[in-house]
Amino acid sequence: MRTYNTRKRILVTGGAGFLGSHLCERLLAEGNDVLCADNFFTGTKDNIAHLLPDPHFELMRHDVTFPLFVEVDEIYNLACPASPIHYQHDPVQTTKTSVHGAINMLGLAKRVKAKILQASTSEVYGDPKVHPQTEDYWGNVNPIGTRSCYDEGKRCAETLFFDYHRQYKVKIKVARIFNTYGPRMHPNDGRVVSNFILQALRGDPITVYGEGSQTRSFCYVDDLIDGLVRLMNSPDDFTGPVNLGNPQEFTILELARKVIDLTDSKSEIVKKPLPSDDPLQRKPNISLAKSKLGWEPGIKLDLGLIKAIDYFVGASRGSS
Ligand code: NAD
Ligand code: UDP
């Protein structure tokens, strides 16, 4: 079938988003043919504009809640808004994107016998009662809250992945991604790292929700992309789910102070109400990723924040 083409043909859904654009870049650099499918709900052409001149890169406007007929060898299914502000904007569409999107992409994988990777999330653990979270923990998720469209949508997508695997022998990989940050994060997506950096650069108050004692573990984007590619290339009998994230845990208040220091900002910290269903703590146990993928993050928070700050400084210059 592939007489004329020795390159792998890889579909990245959500390829114009934050993580997707870095993934497309990495896959192209490795000599693959990359097809990026995105409906530009939260992604933008700016994220992948530098890839457009590459003849091995193809951009397609497509909504994954509709079927897609393409011939590919691998699929990375990243399409889904990831920040609470974005996924709560149209919660019904968020659930549809996760669930119908998974059905459509799994159907495609089944038809063309492609390997398919799902970008799942630490949100499947909800507000966890087990800390740090291991993959065998079933989670503590509110099924009817404001985060449920995302959390339950992603949980149902995982179910679909494993049922397509058991029922149709589709080759699947499921990554549970923990908070990731870096260049090309959406500036207005309300996520904590982009919010704090932009507030610090503008000299605006740094908005800490609640007392700031809740914790998160932040993974730099290059580390995360490396984990996704390693997972896709791992032996077929390793399906995951596997946690991908940085196990170094910080309180939100510690993050705020770090950002103020690194930007040399005069911003003050102000406390705001904690959003509903905001998990108290989150930290991945990455033993499985270490043993099965030989993967662990290498970029420390300070260095990653400096890179992200540089990006936002550059982006604000570009727009002024
Ligand atoms: P993002 O919002 O920057 O990217 C998502 C992309 O999907 C965007 O380009 C958007 O336009 C596209 N999209 C949304 N709905 C679509 C649809 N119906 N059809 C086609 N395209 C659609 O978010 P991100 O941070 O890059 O996240 C990518 C994936 O990783 C998501 O599935 C997210 O759930 C998962 N994830 C991200 C994080 C993180 O910290 N960034 C953590 C856990 C999981
Ligand atoms: N947060 C905050 N100030 C902000 C934005 C977020 O204190 O301006 C907090 C938020 O309440 C949460 C944490 O930072 O406890 C991480 O939020 P984010 O939306 O980045 O990710 P998630 O809650 O999905 O982990």
Side-chain angles (χ1 to χ4, degrees), residues 8 10-15 17-32 34 73-78 80 82 114-125 128 130-137 139 154 157-158 161-162 165 171-185 193 215-250 281-308:
K8 258 193 298 191
I10 305 181
L11 167 65
V12 179
T13 75
F18 162 47
L19 297 182
S21 60
H22 288 273
L23 179 61
C24 289
E25 225 168 55
R26 162 84 186 252
L27 296 172
L28 277 172
E30 288 180 351
N32 301 295
V34 176
D73 305 301
E74 290 178 358
I75 303 166
Y76 287 83
N77 188 35
L78 271 62
C80 186
K115 202 169 10 167
I116 179 166
L117 181 148
Q118 167 69 355
S120 189
T121 167
S122 55
E123 292 283 325
V124 300
Y125 301 122
V130 167
H131 193 75
Q133 292 79 55
T134 41
E135 290 84 354
D136 55 3
Y137 176 51
K154 289 283 189 180
E158 285 199 11
F161 266 67
F162 278 86
H165 177 62
K171 291 177 191 161
I172 61 154
K173 306 280 179 186
V174 175
R176 289 187 179 152
I177 303 171
F178 284 65
N179 297 59
T180 303
Y181 69 99
R184 300 196 205 119
M185 285 185 89
V193 174
T215 68
R216 293 293 187 274
S217 312
F218 301 100
C219 187
Y220 188 68
V221 61
D222 292 354
D223 280 333
L224 193 276
I225 298 301
D226 188 52
L228 291 180
V229 173
R230 279 174 191 247
L231 175 59
M232 182 62 103
N233 295 336
S234 63
D236 285 352
D237 62 356
F238 182 62
T239 57
V242 59
N243 291 337
L244 294 180
N246 194 320
Q248 262 203 306
E249 188 183 13
F250 295 89
Q281 45 180 200
R282 201 186 280 144
K283 165 183 168 150
N285 176 319
I286 58 163
S287 308
L288 188 65
K290 275 187 190 165
S291 71
K292 293 286 186 183
L293 310 176
W295 177 87
E296 67 181 309
I299 298 172
K300 295 257 181 304
L301 184 60
D302 283 58
L303 177 60
L305 284 176
I306 290 169
K307 289 170 183 256

Mind checking what makes side chain to side chain contact (heavy atoms under 4.5 Å, CB included) contact with Glu249, not counting sequence neighbours?
-> His131, Thr215, Ser217, Gln281, Lys283

Taking atom NE2 of His22 and atom OG1 of Thr180, what is their separation to the nearest 0.5 Å?
-> 10.5 Å

Contact summary for Pro247 and Gly245, nearest pair of heavy atoms | CD-O, 3.6 Å

State which residues pass side chain to side chain contact (heavy atoms under 4.5 Å, CB included) with Lys290; sequence neighbours excluded, sorted by chain then number.
-> Ile286, Glu296

Contacts under 3.5 angstrom, residues 218-228 side chains, donor-acceptor by atom type, not counting sequence neighbours:
residue: Asp223; atom: OD1; partner: Gly298; partner atom: N; Å: 3.2
residue: Asp223; atom: OD2; partner: Gly298; partner atom: N; Å: 3.0
residue: Asp223; atom: OD2; partner: Ile299; partner atom: N; Å: 2.9
residue: Asp226; atom: OD1; partner: Arg26; partner atom: NH1; Å: 3.1
residue: Asp226; atom: OD1; partner: Arg26; partner atom: NH2; Å: 3.4
residue: Asp226; atom: OD2; partner: Arg230; partner atom: NE; Å: 3.0

Looking at residues at least two apart in the chain, or sitting in another chain, which of them share a side-chain hydrogen bond (donor to acceptor under 3.5 Å, both in side chains) with Asp302?
-> Lys258

Between CZ of Arg176 and NZ of Lys154, what distance do you get to the nearest 0.5 Å?
-> 12.0 Å

Does Lys115 have any side chain to side chain contact (heavy atoms under 4.5 Å, CB included) partners at least two apart in sequence or in another chain, and if so, which?
-> Glu74, Lys171, Lys173, Met232, Asp236

Which atom names give the shortest non-hydrogen contact between Ser287 and Asn285, and what distance separates them?
-> OG-OD1, 2.7 Å

May I ask you to test the Leu293-Leu244 pair for a side-chain heavy-atom distance under 4.5 Å?
-> yes

State which residues pass side-chain hydrogen bond (donor to acceptor under 3.5 Å, both in side chains) with Ser120; sequence neighbours excluded, sorted by chain then number.
-> Glu158

Verify the distance criterion only: is there a donor paired with an acceptor across the side chains of Ser21 and Arg184 at less than 3.5 Å?
-> yes

